[in-house]
Novice: 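Just passing along the structure, written as structure tokens.
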Amino acid sequence: MSVLDLAPVVPVVVIEDASDAVPLARALVAGGLPAIEVTLRTPVALDAVRAIAREVPEAVVGTGTVVTPEQVTESVAAGARFLVSPGWTDVLLEAMRASGVPFLPGVSTASEVVALLERGVREMKFFPAQAAGGTAYLKSLAGPLPQARFCPTGGIGAANAPEYLALPNVGCVGGTWMLPAEAIAARDWARVEELARAAAALKNLRDAGGTCR
């Protein structure tokens with residue numbers, strides 16, 4: 001399974017209340033976004049992953065903000081089907097590789113990309129996307145490093161997501177714009193589903209982006 005090919009957008013979810021996990025995941029899946037990254041930024045994150053894995057089997061739930069081998073182990077035990085890190089070290093990379101599930105190590109420089117390619121990793125998270133150079137930087141990487149594919153995350157919203165998805169070395173983008181704070185607070189899952197559906201419609205842009213996929 002390639003996480004980059006599941007949907008044009010991977011929702012990056014921060015769950016404060018574990019009871020929100022299942023209805024939120026169902027809304028995202030209904031809207032056409034099956035890959036869901038639950039960030040390990042709250043105490044209930046792993047509980048949320050367990051609940052989604054158990055009750056929303058059509059979702060492909062993973063964990064983000066993975067920065068230690070212990071979090072790799074805990075994530076997979078909770079039911080995570082992919083792992084995302086903001087950066088990488090050899091120790092973390094080895095743990096993710098040994099986990100048996102797909103993973104996206106984070107990069108923000110050409111040297112980091114080359115180092116991962118040397119280690120046989122072709123799919124990566126580009127983070128923080130906007131701060132690290134945005135679409136112009138990714139365009140520059142496509143020439144000398146066409147074998148690398150990216151999921152840019154960080155500073156991406158509905159307005160600029162199409163620019164990223166049009167690039168030949170971008171498989172999908174990560175973002176939170178389909179999860180507005182007011183909708184989550186109000187548990188307005190219909191609104192989340194509506195925004196997810198609009199994000200899923202960006203698939204046509206991704207598919208027209210190029211041939212390196």
Novice: What residue among Cys151, Pro86, Ser85 forms side chain to side chain contact (heavy atoms under 4.5 Å, CB included) with Phe127?
Specialist: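 Considering Cys151, Pro86, Ser85, a side chain to side chain contact (heavy atoms under 4.5 Å, CB included) with Phe127 is found only for Pro86.
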
Novice: Return the CG to CG distance between Leu165 and Asn160, rounded to the nearest 0.5 Å.
Specialist: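 Atom-to-atom, Leu165:CG and Asn160:CG are 9.5 Å apart.
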
Novice: Between Thr176 and Leu179, is there a donor-acceptor pair closer than 3.5 Å when you use the side chain of the first and the backbone of the second?
Specialist: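 Not confirmed, Thr176 side chain does not pair with Leu179 backbone.
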
Novice: Over 60° means perpendicular and under 30° means parallel, so classify the ring planes of Phe126 and Phe150, tilted if in between.
Specialist: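 Phe150 vs Phe126 ring planes: perpendicular.
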
Novice: Do Glu194 and Arg191 meet the salt-bridge criterion of a basic N to acidic O distance under 4.0 Å?
Specialist: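 Judged by the 4.0 Å cut-off on N to carboxylate O distance, Arg191 and Glu194 do form a salt bridge.
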
Novice: Would you say the side chains of Glu123 and Ser2 form a donor-acceptor pair under 3.5 Å?
Specialist: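 The criterion, which ignores hydrogens and geometry beyond distance, is satisfied for Ser2 and Glu123.
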
Novice: Within the side chain of Arg81, is there an N or O that forms a donor-acceptor pair under 3.5 Å with the backbone of Ala59?
Specialist: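 Checked: pair present.
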
Novice: Can you find a heavy atom in the side chain of Val72 that is under 4.5 Å from one in the side chain of Leu92?
Specialist: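 When only atoms from C-beta onward are counted, Leu92 and Val72 do touch, with a gap below 4.5 Å.
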
Novice: Roughly how far, to the nearest 0.5 Å, is the CG atom of Leu6 from the NZ atom of Lys203?
Specialist: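 So the gap between those two atoms works out to 11.5 Å.
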
Novice: What's the spacing between Arg149 CZ and Leu4 CG if we round to 0.5 Å?
Specialist: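 The distance works out to 5.0 Å.
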
Novice: Does Glu112 reach the main-chain N or O of Thr109 with its side chain, forming a donor-acceptor pair under 3.5 Å?
Specialist: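 Looks like yes, one N/O pair under 3.5 Å.
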
Novice: Does one hydrophobic cluster hold both Val14 and Val56, with members joined at side-chain heavy-atom distances below 4.5 Å?
Specialist: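 No, it is not one cluster - the side chains of Val14 and Val56 are not joined through contacts under 4.5 Å.
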
